[in-house]
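Keep in mind it's a predicted model, so treat the numbers as computed, not measured.
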Amino acid sequence: MSDAQQYYLIFETAGGFCGIAWNDIGVTRFQLPTKDASSTERLLLRRLSDARLGTPTLDVANAIAAVKRYFAGEQIDFSGVKLDLGEQDAFFKQIYAAAREIGWGHTTTYGALAKQLGAGPEAARDVGQAMARNPVALIIPCHRVLAAGGKIGGFSAPGGSTAKARMLELEGVQLAPPKPVQQSLGF
């Protein structure tokens with residue numbers, strides 16, 4: 001992240017109150033929804049103590065509008081949102097770039113993402129760490145990256161794996177096996 005002044009805004013969506021922070025380069029942090037604005041603000045500012053409440057730039061206002069539409073159930077692509085991820089590890093930057101390409105309603109696994117980047121299966125743990133440290137969850141869709149076997153895996157956002165499952169359900173991803181169509185006759 002550049003040393004430029006950071007600004008933030010808390011806003012309401014159909015999923016709860018979200019927070020976004022930005023500087024002159026792009027979005028620096030995104031806070032997934034909580035039930036109240038003060039909780040969201042506290043979580044967002046935990047890592048941005050010098051940020052000031054601000055009026056969004058046009059790019060940030062467009063990102064906010066897209067987030068609102070996302071939580072209202074509209075298919076949204078966040079890959080065009082300008083980011084400032086700062087001094088991230090080079091491999092994490094590669095992981096985040098690959099994760100941004102995972103489209104609405106699609107998922108991958110930590111291991112598959114590592115393999116896509118030319119790394120061995122041991123790098124799946126690095127992918128998991130990158131997702132856990134993702135400063136702009138949703139914009140970098142870490143919720144679309146699952147554990148081995150398509151299991152939900154962890155999620156460090158408020159609500160944990162339940163929030164991850166809700167976001168995937170919003171996108172039409174079914175994690176649980178489908179319910180049987182035919183009932184057992186009980187023999």
- Message: Between R100 and I139, is there a side-chain heavy-atom distance shorter than 4.5 Å?
- Response: yes
- Work out which heavy atom in A61 is nearest to a heavy atom in P56; give both atom names and the distance. N-CB, 3.8 Å
- Message: Once you measure the plane-to-plane angle for F30 and F11, does it fall in the parallel (<30°), tilted (30-60°) or perpendicular (>60°) bin?
- Response: tilted
- Atom pair CZ/CG of F91 and L117 - distance to nearest 0.5 Å: 5.0 Å
- Common cluster, L43/L32, ILVMFWY with side-chain heavy-atom separation under 4.5 Å: no
- Kindly write out the residues that satisfy side-chain hydrogen bond (donor to acceptor under 3.5 Å, both in side chains) with K82, not counting sequence neighbours, or none if the list is empty. D59
- Query: When rounded to the nearest 0.5 angstrom, what distance separates OH in Y8 from CG in D50?
  - Reply: 11.5 Å
- Task: Please answer: with hydrophobic residues joined when any side-chain heavy atoms are less than 4.5 Å apart, are V60 and L58 in the same cluster?
- Result: no
- Starting from the C-alpha separation in whole Å, work towards a yes-or-no answer on side chain to side chain contact (heavy atoms under 4.5 Å, CB included) for F17 and Q31. CA-CA 9 Å; F17 289 90; Q31 180 60 55; over 6 Å; no
- Item | Atom of I140, atom of N134 and distance for their closest heavy-atom approach | O-ND2, 2.8 Å
- Query: Which residue pairs pass the salt bridge (Lys or Arg N to Asp or Glu O under 4.0 Å) test with at least one member in residues 163-172, sequence neighbours excluded?
  - Reply: R144-E171
- Message: How long is the straight-line distance from CG of L138 back to CZ of F71, given to the nearest 0.5 Å?
- Response: 5.0 Å
- Message: Which residue in the set L9, V81, D84 passes side-chain contact (heavy atoms from CB on, under 4.5 Å) when paired with W22?
- Response: L9
- Message: Between Y96 (side chain only) and A130 (backbone N and O only), is there a donor and an acceptor less than 3.5 Å apart?
- Response: yes
- Calculate, to the nearest 0.5 Å, the distance between atoms SG and CD1 belonging to C142 and I95 respectively. 12.0 Å
- What pairs with R69 under side-chain hydrogen bond (donor to acceptor under 3.5 Å, both in side chains), at least two apart in sequence or on another chain? E74
